[in-house]
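Note that this is a predicted model, so its numbers are computed, not measured. Convention: sequence-line order gives letters A, B, ...; per-chain numbering from 1.
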Amino acid sequence: MFGLVDGNNFYASCERVFQPKLIGKPVVVLSNNDGCAIARSQEAKDLGIRMGHPYFQLRETHPQVWVRSSNYPLYQDMMHRVTAIIRRYFPDQEIYSIDECFCDLRGYDLLQPQSLAIRLRAEILRCTGIPVCIGVARTKTLAKIANRLAKKKAPDGVWFLDSDESEASALSGTDIGDVWGIGRRYAARLTAMGICDALAFARLPADWVQKEMTIVGLRLWKELNGQPCIPMEYTRAAKKGIGTSRSFGTPQTELPVLQEALATYIALAAAKLRGQQSVCARIQGHAHTSGFIKSEDQVYITREIKLPTPTSNTGELIKIGAWILRKIFKPGYRYQKVGVQLGDIRPESQVQQALFDPLAERRGKRAKAMAALDQINQRHGRDTVRLAVTGREQQWTMKQQFRSSRYTTSWSDVIKVRAK
DNA sequence: TCTGGGGTCCTAGGACCC
DNA sequence: TCTGGGGTCCTAGGACCC
């Protein structure tokens with residue numbers, strides 16, 4: 001059996017842990033740049049606030065809602081605490097996303113798995129303040145469905161699919177579009193054919209599913225029929241691409257500003273690259289205007305460069321990024337966003353140096369400088385040391401008007417308690 | 001005025017190799 | 001009339017996830 005532990009309204013719940021006044025109130029967490037709703041408390045859902053609901057509309061229609069900017073360091077750290085507790089109960093875990101954790105229960109001789117899950121849930125709530133639900137079933141996809149049912153109708157937050165009858169009734173009660181792996185496109189197609197719930201899908205002929213939905217669809221079909229096809233991933237694989245981009249707080253028109261922002265994102269992406277001991281052989285820069293403003297002319301500019309010698313050096317990558325932007329920049333537009341994509345990623349131990357690499361002799365020294373920079377920033381906080389081209393004032397940074405403190409990851413934000 | 005950011009996998013088709 | 005069989009690499013596009 002597989003278990004899935006999933007935080008309830010996770011971001012909103014994290015905010016509540018340190019701001020108890022938000023308990024019982026409608027809470028909405030906004031996307032980066034305070035653009036739209038990406039998490040809602042139950043009370044906010046009950047008000048009809050949708051995922052992706054634009055904030056500027058919400059402000060008018062629902063002034064009573066408590067709004068927070070997203071605070072990822074806080075959410076990440078809270079999940080870290082949650083998974084540490086889960087590990088004590090079920091050691092074989094896959095941290096699937098910032099608020100979900102799969103557990104492999106195979107090989108454990110659990111006498112009373114149901115009561116164990118209920119205890120786990122209570123302990124997570126007691127130790128972290130985060131409410132979670134737990135679904136358990138024969139495959140990961142079925143565990144996802146079990147988890148949905150736990151959220152919807154289990155008073156104790158735990159749902160087991162452990163018989164043919166319970167599986168069939170769970171599948172027939174799940175809309176096809178709510179199945180993990182069925183997105184908008186497939187949902188529309190299947191619904192048009194009269195395949196409206198997971199049970200109808202699971203009863204389709206396997207060869208039709210493979211033909212129309214590729215091997216991915218077939219795997220999903222097997223999973224729904226109780227045959228595990230999606231393996232547990234106990235360790236995080238190295239990324240094959242690393243992208244960093246942000247919207248500007250206000251639209252920007254000048255090349256130097258765009259370059260400063262791009263340099264900042266490249267520095268972030270390069271640090272991630274070094275963090276997984278990789279280098280990249282491809283860098284792509286892009287910038288675009290807002291697609292939502294119909295009255296203005298829109299542009300999307302992008303270019304990619306292949307590097308003769310793969311690198312993870314921030315300075316080298318920034319230099320290329322600046323060159324790319326200079327080449328593709330079109331004046332006269334109000335740019336909303338710039339970003340970088342690092343591709344063709346490989347282990348730093350497998351670098352093939354170009355024959356006429358002008359930096360050949362300096363590479364070792366530069367790598368040491370980067371290692372020192374990473375070490376300092378790890379120890380003393382992000383951006384303690386950074387490159388001057390990333391800017392001093394950074395007037396373009398995203399809006400975060402309602403951000404809570406980094407209660408658990410920043411010394412200056414730790415809550416102070418005084419005893420008399 | 002105002003709408004996020006980060007990923008993965010699969011398939012088909014073209015260019016090229018022997 | 002009629003033209004093999006086996007590969008690789010790359011890119012674009014389509015689907016999906018949180």
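A:Y333 and A:Q298 form no side-chain donor-acceptor contact under 3.5 Å, judged by distance and modelled atom types alone. Counting only N and O atoms by type, the side chains of A:T141 and A:E223 include a donor and acceptor under 3.5 Å apart.
The interatomic distance linking A:E94 (CD) with C:dC18 (C1') rounds to 13 Å, in whole Å. Summarising the geometry, the separation between CD on A:E60 and C1' on B:dT1 is reported as 12 Å, rounded to the nearest angstrom. Across the protein-nucleic acid pair, A:Y75 atom OH and C:dC18 atom C1' stand 15 Å apart, rounded to whole Å. Atom P of nucleotide B:dC9 and atom CH2 of A:W180 are separated by 13 Å, given to the nearest angstrom. Rounded to an integer number of Å, the gap from CG of A:L30 to P of B:dG5 is 13 Å.
Shown for residues 213-234 of chain A: residues whose heavy atoms fall under 4.0 angstrom of DNA chain B, namely A:T214, A:I215, A:V216, A:R219.
When each of A:K152, A:R148, A:R184 is tested with A:D178 by the rule salt bridge (charged side-chain N to carboxylate O under 4.0 Å, His left out), just one qualifies, namely A:R148.
Between A:G243 and A:R334, the one whose closest nucleotide on DNA chain B sits nearer the 5' end is A:R334. Mapping A:S245 and A:K399 onto DNA chain B by nearest heavy atom places A:K399 at the nucleotide closer to the 5' end.
Using a 4.0 Å heavy-atom criterion, one finds that A:R189 contacts no nucleic acid atom at all. Among the atoms of the strands shown, none is found under 4.0 Å from any heavy atom of A:G291. Contact annotation for A:Q57: no contact, since no heavy-atom pair falls under 4.0 Å across all strands.
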Under 3.5 Å, which donor-acceptor pairs do the side chains of residues 12-19 of chain A form with other protein atoms, sequence neighbours left out?
residue: A:S13; atom: OG; partner: A:N8; partner atom: O; Å: 2.6
residue: A:S13; atom: OG; partner: A:N9; partner atom: O; Å: 3.2
residue: A:E15; atom: OE1; partner: A:Q19; partner atom: NE2; Å: 3.0
residue: A:E15; atom: OE1; partner: A:S404; partner atom: OG; Å: 2.7
residue: A:E15; atom: OE2; partner: A:Y75; partner atom: OH; Å: 2.7
residue: A:E15; atom: OE2; partner: A:S404; partner atom: OG; Å: 3.2
residue: A:R16; atom: NE; partner: A:L22; partner atom: O; Å: 3.0
residue: A:R16; atom: NH2; partner: A:L22; partner atom: O; Å: 3.4
residue: A:R16; atom: NH2; partner: A:K25; partner atom: O; Å: 2.7
residue: A:R16; atom: NH2; partner: A:E43; partner atom: OE1; Å: 2.9
residue: A:Q19; atom: OE1; partner: A:R68; partner atom: NE; Å: 3.0
residue: A:Q19; atom: OE1; partner: A:R68; partner atom: NH2; Å: 2.9
residue: A:Q19; atom: NE2; partner: A:E15; partner atom: O; Å: 3.3

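Counting only distance, with no hydrogens or angles, the side chain of A:N377 and the backbone of A:T384 share a donor-acceptor pair below 3.5 Å.
Summarising the base pairing, B:dT11 is matched to C:dA12 through a Watson-Crick or G-U wobble pair whose two defining distances lie under 3.5 Å.
Between A:K239 and A:Q276 the shortest heavy-atom distance is N-OE1, 2.7 Å.
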